[in-house]
Amino acid sequence: MALTGRTALLAAIGSLPVGILAPSWTGMLAVNAPLSLAILCDYALAAPVRTLRFTRSGDTSVRLGESAQVHLLVENPSRRRLRADVRDAWPPSSWPAGTAQEASRHRVTVPAGERRRLMTLLRPTRRGDRQAERITVRSYGPLGLAARQGGHRVPWSVRVLPPFTSRKHLPSKLARLRELDGRTSVLTRGEGTEFDSLREYVPGDDTRSIDWRATARQTSVAVRTWRPERDRHILLVLDTGRTSAGRVGDVPRLDAAMDAALLLTALASRAGDRVDLLAYDRRIRARVQGRAAGDVLPAMVNAMATLEPELVETDARGLSAAALTGAPRRSLVVLLTGLDAAPIEEGLLPVLPQLTQRHTVVVASVSDPHVAEMTGSRGTAEAVYEAAAGAQAQAQRRHTAEQLQRHGVTVVDARPEDLAPALADAYLALKAAGRL
């Protein structure tokens, strides 16, 4: 009878779910019936996993490089105390490499009928939407010898936004804008600007600004001051084709272009201009249109969050047609793309006259500082060949830029960290010259 009872006990334990027994105990089951009975009782007293209830709350968006908090409320409706390990699984890119296991695992104790709140700290390494995956719970018995295990799915999404690292340049660009706008003593004059006021002539003023009628009515020479026109239209066009997938250092070209677009959007919206966005390769990937000044920057950040480069050649004719549709009146069209010779000469140049005939066009591109470093290589035959290749690449890039400039295009070519302020400066220069 003892043998029969022991056999039945082992059979019952053998029917338990795989993985609930610690490996160190499995070899002892056949020789230690009291221990086997303890393990079986421990398993029976573990809180059930299936009846647990979960509720999520917390952040739904975060900038790349920052942290997001997602809270998980665990409710134990059973009559047994829950002692459990909880794994809140998210995609691998939700944390820096090597930290996912530690950040996603929690140890929790929930008395019967009570709740406990867990917090998972996400620090995503890529833009886009991160969706919560399976919650796995391992519920231990009072002795910790055996455990029940199961899973739940509780949906939650965190959108990882572009970091907007060029925001630090905004105060200095706004100061320059105030000068152009006539809010300080430095005032500008140019075609397409609005008359602001009269002031006394000082040496160095443009004599064409002298108001002779006002001068005749007073004892000093009076000059007109001007401020740039407001309510101009700017269309930002992001090329999301294959050239945007290349990385310059640790930054994808597309991400550097996004950062520059965000700084220009923040600056232009403060200047009273209207800014729209178009992301295109062979079709429209994102569009922001007709937003008020206070809404346009958040809308663009949200639209850019999920953009990824497409490994296809950009359709220049389709891009031009989409830009003309998005800018029916005279506008500033800013095309953020590469300056590679083949895509420009074969794709953009044939359709460029359609854009420049109606709009002011700026082409902004990310340059690779490693190419400049290559040109300084010396000492070995390999280094000399590397220097020659770098010099040839730079010469080809300058030639491509000159071709665009001959069509009346303003070209901004800068390293990833310099592209955003350089593009903002180009915008301010066009505004100062009255070309907007």
Side-chain angles (χ1 to χ4, degrees), residues 12-26 36-63 66-96 98-126 128-161 302 305-306:
I13 294 174
S15 66
L16 298 181
V18 175
I20 67 168
L21 299 176
S24 59
W25 299 108
T26 54
S36 301
L37 181 60
I39 292 173
L40 184 60
C41 292
D42 200 45
Y43 172 78
L45 293 174
V49 173
R50 186 176 301 176
T51 58
L52 295 176
R53 299 171 189 157
F54 297 90
T55 306
R56 288 193 185 274
S57 62
D59 296 331
T60 56
S61 64
V62 62
R63 290 194 180 278
E66 297 179 359
S67 299
Q69 295 183 359
V70 179
H71 300 281
L72 184 65
L73 186 65
V74 184
E75 182 178 357
N76 177 18
S78 73
R79 291 181 292 178
R80 302 173 198 162
R81 176 183 290 267
L82 174 69
R83 306 168 185 85
D85 288 332
V86 178
R87 180 174 181 263
D88 188 8
W90 291 75
S93 59
S94 301
W95 298 279
T99 63
Q101 182 171 349
E102 180 181 354
S104 63
R105 295 179 185 273
H106 309 275
R107 174 65 62 89
V108 63
T109 300
V110 186
E114 295 188 15
R115 312 179 204 178
R116 292 293 183 270
R117 187 181 300 273
L118 306 177
M119 191 270 287
T120 301
L121 190 67
L122 306 180
R123 192 174 177 84
T125 58
R126 292 180 56 188
D129 290 333
R130 297 292 170 270
Q131 305 287 345
E133 296 181 358
R134 187 179 181 87
I135 298 172
T136 302
V137 181
R138 180 170 289 178
S139 173
Y140 293 95
L143 301 177
L145 301 178
R148 303 171 185 266
Q149 182 167 308
H152 294 258
R153 291 195 178 274
V154 184
W156 192 260
S157 178
V158 175
R159 175 157 289 189
V160 187
L161 307 173
N302 193 56
T306 57

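Starting from 1, each residue takes its place in the sequence as its number. Both backbone and side-chain heavy atoms feed into the values below; hydrogens, waters and symmetry mates do not.
- A 4.5 Å side-chain heavy-atom check between His106 and Thr120 finds at least one atom pair inside the cut-off.
- Using a 4.5 Å heavy-atom threshold, the side chains of Val158 and Leu122 count as touching.
- The shortest non-hydrogen separation linking Arg123 to Pro96 is O-CD, 3.5 Å.
- Between Val74 and Leu82, some side-chain heavy-atom pair lies under the 4.5 Å cut-off.
- The minimum heavy-atom distance linking Gly141 with Ala46 is given by the pair N-CB, 3.7 Å.
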(request) Applying side-chain contact (heavy atoms from CB on, under 4.5 Å), run through Leu145 and Tyr43 and close with a yes or a no. (result) CA-CA 8 Å; Leu145 301 178; Tyr43 172 78; over 6 Å; no
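- Under the 4.5 Å side-chain criterion, counting only non-hydrogen atoms from C-beta, Val160 is in contact with Arg130.
- Side-chain atoms of Arg81 and Val110, non-hydrogen and from C-beta on, never get closer than 4.5 Å to each other.
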(message) Is there a side-chain contact (heavy atoms from CB on, under 4.5 Å) between Thr55 and Glu75? Walk through the geometry before answering.
(response) CA-CA 8 Å; Thr55 306; Glu75 182 178 357; 5.9 Å; no
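- Here Leu143 contributes atom CG and Cys41 contributes atom SG; the two are 9.0 Å apart, rounded to the nearest 0.5 Å.
- Note: Glu133 CD to Asp88 CG = 10.0 Å, rounded to the nearest 0.5 Å.
- Among the candidates Arg105, Arg107, Arg148, the single residue satisfying the salt bridge (charged side-chain N to carboxylate O under 4.0 Å, His left out) test with Asp85 is Arg107.
- To the nearest 0.5 Å, atoms OG (Ser104) and CG (Leu121) are separated by 12.0 Å.
- Taking both residues in full, the closest heavy atoms of Ala47 and Arg80 are given as CB-O, 3.9 Å, listed atom of the first, atom of the second, then distance.
- Nearest approach of Gln69 to Met119, heavy atoms of both residues: CG-SD, 3.8 Å.
- Considering only heavy atoms from C-beta on, Leu118 stays 4.5 Å or farther from Phe54 through its side chain.
- Proximity of Thr109 to Arg116: side-chain heavy atoms (C-beta onward) are nowhere separated by under 4.5 Å.
- The two residues Asp59 and Ala68 make their nearest non-hydrogen contact at OD2-CA, 3.4 Å.
- Screening Val49, Asn76, Val108, Leu52 against Ser139 for a side chain to side chain contact (heavy atoms under 4.5 Å, CB included) leaves a single residue, Val49.
- Atom CZ of Arg115 sits in a sparse spot, with 12 or fewer heavy atoms from other residues, nucleotides or ligands closer than 6.0 Å.
- To the nearest 0.5 Å, atoms CZ (Arg87) and CZ (Arg134) are separated by 11.0 Å.
- Scanning both residues, Leu161 and Ala305, for their nearest heavy atoms gives CD2-CB, 3.8 Å.
- The shortest side-chain heavy-atom distance between Ile135 and Arg56 falls under the 4.5 Å cut-off.
- No side-chain N or O of Asp42 forms a donor-acceptor pair with one of Tyr140 less than 3.5 Å apart.
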